[in-house]
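Only a predicted model underlies this, so the values are computations on that prediction, with no experimental measurement involved. Note: hydrogens, waters and symmetry copies are ignored here, and every other heavy atom, side chains too, is used.
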Amino acid sequence: MQITWPRRTPVVLCAAGGFFAFLAVVDKWLGLVQHPLHLATLAYASLFCVIAWAFARGIHLQPTRLVRLSGYGAILILNILTATYVFAWRVSADPTPLVLQKQLEKGDQLLAEGQKLDALIVYRQAYRRFPNSYRVLMRMGAAAYQNDDYERAAKYYADALDLSPNESRWRTLNDLGQTYWKLHRPEDAVEYYQQAAKAGMPGTERVEWHYRLGWAYFDLRDYDAAIEHYRAVGDAGQKYAAASYYNVACALAQKVRLARGEAQRAALTREAVESLRLSWQAITTAEERDELRKGLVGAPEDLDPELEPLRSSTAFQELLKEFQTG
């Protein structure tokens with residue numbers, strides 16, 4: 001059985017392949033449809049069909065002359081075509097148009113320099129043209145968040161979640177959780193934080209993830225869960241270690257307030273005092289040490305009310321003497 005193709009088939013396929021290749025380049029630059037890789041694939045498929053046809057049937061150069069493509073020639077052309085497609089694939093794997101990338105880089109620089117409103121203006125210009133771009137939506141969320149517009153930030157992050165690539169989904173969930181915490185919705189924050197952990201969050205993000213969860217559970221008055229996460233941060237000995245041990249003490253102080261028996265209050269107080277001591281030891285700068293001392297033994301308006309249940313205890317008073325002389 002032989003398959004007969006119309007004589008103009010290779011011409012049409014070549015034209016189609018060239019057209020799709022051209023569109024892929026234009027789309028990568030300007031973002032007309034934001035699918036340059038799909039266009040490159042169509043171009044490759046079209047040109048591959050030309051090679052397959054030429055190898056199987058031959059190409060009519062003249063009405064009376066039939067020229068077949070040799071196996072060597074077909075393989076050579078196919079290798080060149082494949083190399084070109086691989087190059088197109090590498091260039092097009094990230095569908096972000098180049099003009100958009102330049103605009104986002106400008107906004108990122110402004111945001112890093114603290115020019116939040118200027119960065120938001122740049123991002124908005126990109127958003128008007130590319131409202132369905134994951135990268136644009138994430139930056140709109142970040143800019144709104146840093147400008148304390150948490151309602152809008154949550155909206156942008158939620159829209160980004162629908163478009164997020166699998167490898168970036170954890171970040172969107174994490175940022176959405178933090179935004180809901182800022183909106184005083186700790187239940188939603190915990191839910192999104194937990195989803196982020198299941199969405200492939202890298203280990204390098206775990207310390208800050210524990211720290212954020214600690215705050216959310218503290219606001220939910222689930223002090224045991226808050227202590228668990230704060231301790232994970234403190235024991236890691238990295239960023240937020242001193243603050244986390246301090247927050248453990250604050251959570252334990254709330255448990256002292258709720259405790260019924262004297263023995264339980266005394267045990268919780270000793271544990272809280274030890275956490276404050278660990279916080280003191282984890283501090284790395286004189287400014288942070290002065291700030292902690294102020295919250296413990298400063299003026300009445302500077303004292304941390306979260307630690308009030310501990311202040312009348314002997315263990316706490318002894319700790320204050322250490323801090324005053326240390």
Side-chain angles (χ1 to χ4, degrees), residues 174 177-178 180-182 184-187 189-191 193-194 197 203-326:
N174 209 35
Q178 178 66 8
Y180 278 126
W181 179 73
K182 284 289 190 178
H184 307 290
R185 295 168 57 179
E187 300 93 340
V190 168
E191 175 62 26
Y193 287 148
Q194 297 291 7
T204 54
E205 299 289 332
R206 285 286 175 170
V207 170
E208 187 158 351
W209 176 80
H210 280 296
Y211 190 63
R212 290 181 172 188
L213 262 175
W215 278 107
Y217 277 120
F218 192 97
D219 288 352
L220 287 172
R221 300 184 181 181
D222 187 344
Y223 300 119
D224 289 330
I227 290 169
E228 176 186 349
H229 288 285
Y230 282 137
R231 277 184 174 154
V233 178
D235 293 346
Q238 301 174 22
K239 189 178 180 181
Y240 307 124
S244 293
Y245 282 129
Y246 183 88
N247 290 337
V248 168
C250 291
L252 288 167
Q254 307 317 302
K255 294 188 68 175
V256 169
R257 190 196 305 274
L258 299 173
R260 296 182 179 180
E262 187 61 35
Q264 184 182 20
R265 280 194 293 270
L268 290 170
T269 298
R270 287 193 298 270
E271 193 176 351
V273 167
E274 182 59 28
S275 294
L276 288 172
R277 187 173 284 110
L278 290 172
S279 176
W280 180 267
Q281 294 170 357
I283 289 176
T284 57
T285 66
E287 292 79 7
E288 291 178 346
R289 188 157 292 176
D290 290 341
E291 193 66 27
L292 176 58
R293 187 185 287 112
K294 184 191 298 184
L296 296 176
V297 295
E301 63 272 14
D302 295 328
L303 297 179
D304 189 343
E306 300 285 359
L307 298 176
E308 190 60 36
L310 307 177
R311 294 189 181 279
S312 60
S313 66
T314 303
F316 188 82
Q317 293 301 320
E318 291 176 352
L319 182 70
L320 293 187
K321 293 178 182 178
E322 293 180 26
F323 288 173
Q324 286 173 331
T325 59

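- Annotation: the span from E306 atom CD to R257 atom CZ amounts to 7.5 Å, rounded to 0.5 Å.
- Residues Y246 and W280 form no side-chain contact, since every pair of their non-hydrogen atoms from C-beta on lies 4.5 Å or further apart.
- Residues passing the salt bridge (charged side-chain N to carboxylate O under 4.0 Å, His left out) test with E288: none are found, sequence neighbours excluded.
- Residues meeting the salt bridge (charged side-chain N to carboxylate O under 4.0 Å, His left out) test with D302, sequence neighbours left out: none.
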>> Applying salt bridge (Lys or Arg N to Asp or Glu O under 4.0 Å) to E262 and R265, what does each step give before you reach the verdict?
In response: CA-CA 5 Å; E262 187 61 35; R265 280 194 293 270; 2.9 Å; yes
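- Scanning for salt bridge (charged side-chain N to carboxylate O under 4.0 Å, His left out) contacts around E271 gives R231, with sequence neighbours left out.
- Note that the CG atom of L213 and the CD atom of Q178 stand 10.0 Å from one another [nearest 0.5 Å].
- Judged as a side chain to side chain donor-acceptor pair (under 3.5 Å), and not counting sequence neighbours, R212 has no contacts.
- Side-chain contact between W209 and Q194: present, with at least one pair of heavy atoms (C-beta onward) separated by less than 4.5 Å.
- In this structure, the side chains of W215 and N247 come closer than 4.5 Å at one or more pairs of heavy atoms.
- For the residue pair D219 and W181, the shortest heavy atom distance occurs at OD2-NE1, 2.7 Å.
- Here the closest non-hydrogen pair linking A249 and A272 is CB-O, 3.5 Å.
- Between C250 and L307 the shortest heavy-atom distance is SG-CD2, 3.8 Å.
- More than 12 heavy atoms of other shown residues, nucleotides or ligands fall within 6.0 angstrom of atom CZ in R206.
- A salt bridge is defined here as a Lys NZ or Arg NE, NH1 or NH2 lying under 4.0 Å from an Asp or Glu carboxylate O, and E274 with R277 meets this definition.
- Residue Q281 holds its CD atom at 11.0 Å from CG of L276, rounded to the nearest 0.5 Å.
- Annotation: the span from S275 atom OG to L319 atom CG amounts to 10.5 Å, rounded to 0.5 Å.
- Considering all non-hydrogen atoms of both residues, A259 and L268 come closest at CB-CD1, 4.2 Å.
- When side chains are defined from C-beta on, Q254 counts as touching F218, because their heavy atoms get closer than 4.5 Å.
- Legend: residues meeting ring pair (Phe, Tyr, Trp, His ring centres under 6.0 Å) with Y245, ordered by chain and number and at least two apart, are absent.
- G214 and A226 make their closest contact through O-CB, 3.5 Å (heavy atoms, listed as atom of the first residue, atom of the second, distance).
- Atom CG in L220 sits 12.5 Å away from atom CZ in R185 (nearest 0.5 Å).
- Once rounded to the nearest 0.5 Å, the distance linking OH of Y230 with OH of Y223 reads 11.0 Å.
- Looking only at side-chain heavy atoms (C-beta outward), K255 and D224 come within less than 4.5 Å of each other.
- Looking at L296 and D304, their side chains never come closer than 4.5 Å, going by heavy atoms from C-beta outward.
- Here the shortest heavy-atom pairing between A216 and A189 reads CB-CB, 4.4 Å.
- For E308, the salt bridge (charged side-chain N to carboxylate O under 4.0 Å, His left out) test picks out R311, with sequence neighbours left out.
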